[in-house]
Amino acid sequence: MQPPPDEARRDMAGDTQWSRPECQAWTGTLLLGTCLLYCARSSMPICTVSMSQDFGWNKKEAGIVLSSFFWGYCLTQVVGGHLGDRIGGEKVILLSASAWGSITAVTPLLAHLSSAHLAFMTFSRILMGLLQGVYFPALTSLLSQKVRESERAFTYSIVGAGSQFGTLLTGAVGSLLLEWYGWQSIFYFSGGLTLLWVWYVYRYLLSEKDLILALGVLAQSRPVSRHNRVPWRRLFRKPAVWAAVVSQLSAACSFFILLSWLPTFFEETFPDAKGWIFNVVPWLVAIPASLFSGFLSDHLINQGYRAITVRKLMQGMGLGLSSVFALCLGHTSSFCESVVFASASIGLQTFNHSGISVNIQDLAPSCAGFLFGVANTAGALAARLALSWAGVVGVCLGGYLMETTGSWTCLFNLVAIISNLGLCTFLVFGQAQRVDLSSTHEDL
């Protein structure tokens, strides 16, 4: 007797899961890859003040450059998740990393191609966003297929901690490079390391045959055996899916706003402060916070707590409590207090790795990359509206608000509003029941 199609698909997924040594090797490699992703991504925010002085940008123009990343970023999220579900997330990650690593390394050359500095930097950031946009949807697809459900939160939190490692590395090393050799050296540093990482993955973890096969699939648009049709209608009829999308939107938008504007906030509010302090300490705090959130989440589930209860607890910390400390940033004139508040807000945001990021894998492991891509597209659009209006209404809107009001309070208020909208939606409608199968399953 043949097993039902859904059972067969789950059995096949189990057969392809990593062994423990493979999981450890890939987890460490992806941690480093995420670290380098954020090294490249945060290079521009670190250099914004120096580049503004060199090229004569005001805050509105700096906001355009910073937010332009998200115009590209939002366009390839769904594509990255779909390709990850189709040909394997590791292959999508490798191909994209080779491209954005090269773009990062040549950014200083692009800046001096002509007198149109703003146009060339905006173009390079859009291109960077296009190339990096596939990373996290492909990563989500990869982990949903290769990692056991009981270990996903901790694995994702370890890999996700790379974002803090990368921002920390750029903040620490970048601040020194900026002081000693100028802003150009930061792009050479992060781009060069990325290309070394690509060579390592290609040489030791991926077979040339698999990579060539993946390129052939992309070139010829041929279906492969693992490809399954995405159940669009079934997914988007579920309130839980929309709750996940809105919550991921809020988490991504809030994080992108702080990532883009915190360096400028500290440099302008506390001009005599040491850059390595405010560029390093918040991300140093975020690393153990991310690891702790993953450990705590898996521990609570293994102790018998319902998965949705744990996911909502993590989101309460990642969106709710973190927004309180973001609000505090706008109401203090003390440098030490500002560092503490920024560190607490960034650190608590890492709890989202064990909340909404894993909840998407709970809901639809067979097409988690696609669904994460949809959610992150919304987040990138919102970050452009928040960097544009402060992600496509968050970094540029942030720049406009600060240019017109002269106050940073409005930016942190915006972060709190966006975070709590996402939290409330997830608390009311969030679930951890699979929605990508035709049969009905009990809620976890």
Side-chain angles (χ1 to χ4, degrees), residues 9-31 33-34 80-81 84-85 88-90 92-93 135-163 226 240-241 243-244 247-248 251 289-315 317-318 349-373 375-376 426 430-437 441-444:
R9 183 170 61 187
R10 288 197 297 273
D11 291 342
M12 183 174 64
D15 292 340
T16 63
Q17 287 182 338
W18 286 326
S19 65
R20 187 164 296 277
E22 288 176 326
C23 186
Q24 291 172 346
W26 272 105
T27 299
T29 301
L30 292 170
L31 167 64
T34 307
D85 294 335
E90 68 277 21
V92 176
I93 288 171
Y135 185 90
F136 280 106
L139 175 65
T140 300
S141 175
L142 178 63
L143 296 185
S144 70
Q145 295 170 11
K146 299 293 187 179
V147 179
R148 297 181 182 89
E149 183 179 0
S150 62
E151 299 175 357
R152 281 180 192 159
F154 188 55
T155 302
Y156 200 98
S157 67
I158 292 176
V159 175
S163 62
R226 289 195 305 158
V241 171
S247 188
Q248 176 63 24
S290 178
L291 298 177
F292 174 72
S293 71
F295 169 80
L296 178 63
S297 178
D298 285 346
H299 175 73
L300 291 175
I301 290 176
N302 289 330
Q303 290 297 310
Y305 289 90
R306 297 170 70 232
I308 189 57
T309 302
V310 176
R311 306 302 185 224
K312 290 182 177 180
L313 173 64
M314 295 297 108
Q315 285 305 106
M317 303 289 285
Q349 282 194 358
T350 65
F351 279 65
N352 294 319
H353 294 324
S354 303
I356 187 59
S357 296
V358 184
N359 180 244
I360 289 175
Q361 299 175 43
D362 296 333
L363 293 173
S366 66
C367 51
F370 160 79
L371 189 57
F372 186 92
N376 232 30
F426 189 69
Q431 297 180 18
Q433 177 182 351
R434 286 193 68 168
V435 298
D436 59 336
L437 303 177
H441 296 269
E442 292 294 322
D443 192 9
L444 298 175

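No experiment lies behind these values; they were computed from the predicted model shown.
Side-chain N or O atoms of Y135 include one that pairs as donor or acceptor with a backbone N or O of T34 at under 3.5 Å. The main-chain N or O of Q349 is found under 3.5 Å from a side-chain atom of N352 such that the two form a donor-acceptor pair. Side-chain atoms of S157 come within 3.5 Å of backbone N or O of F154 as a donor-acceptor pair. With S247 contributing its side chain and A243 its backbone, the two residues share no donor-acceptor pair below 3.5 Å.
The distance from the CD1 atom of I308 to the CG atom of L363 is 7.5 Å, given to the nearest 0.5 Å. The line from CG of L291 to OG1 of T350 is 8.5 Å long, rounded to the nearest 0.5 Å. Considering CZ of R148 and CG of L143, their distance stands at 13.5 Å, rounded to 0.5 Å. Note: L30 CG to E90 CD = 9.0 Å, rounded to the nearest 0.5 Å. To the nearest 0.5 angstrom, R152 atom CZ is 13.0 Å from S357 atom OG. Of the inter-residue distances, the one linking N359 atom CG with Q315 atom CD reads 8.0 Å to the nearest 0.5 angstrom.
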Go through the steps to decide whether E151 and R20 satisfy the test salt bridge (charged side-chain N to carboxylate O under 4.0 Å, His left out), and finish with yes or no.
CA-CA 11 Å; E151 299 175 357; R20 187 164 296 277; 3.2 Å; yes
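In the model, S293 has a side-chain atom that pairs as donor or acceptor with a side-chain atom of S354 under 3.5 Å. Of the N and O atoms on the side chains of T140 and Q361, not one donor lies less than 3.5 Å from an acceptor on the other residue. Under 3.5 Å, the side chains of E22 and S19 contain a donor-acceptor pair of N or O atoms.
Judged as a side chain to side chain donor-acceptor pair (under 3.5 Å), and not counting sequence neighbours, the contacts of R311 are S297, D362. For Y305, the side chain to side chain contact (heavy atoms under 4.5 Å, CB included) partners two or more places apart in sequence, or in a different chain, are L300, Q303, V310.
The heavy-atom pair separating I93 from A138 by the smallest distance is CG1-CB, 4.0 Å. H353 and S163 make their closest contact through NE2-OG, 4.2 Å (heavy atoms, listed as atom of the first residue, atom of the second, distance). Across every non-hydrogen atom of G162 and L31, the tightest pair is N-CD1, 3.4 Å.
Relative ring orientation between W18 and W26 is described as parallel, the plane-to-plane angle staying below 30° on a 0-90° scale split at 30° and 60°.
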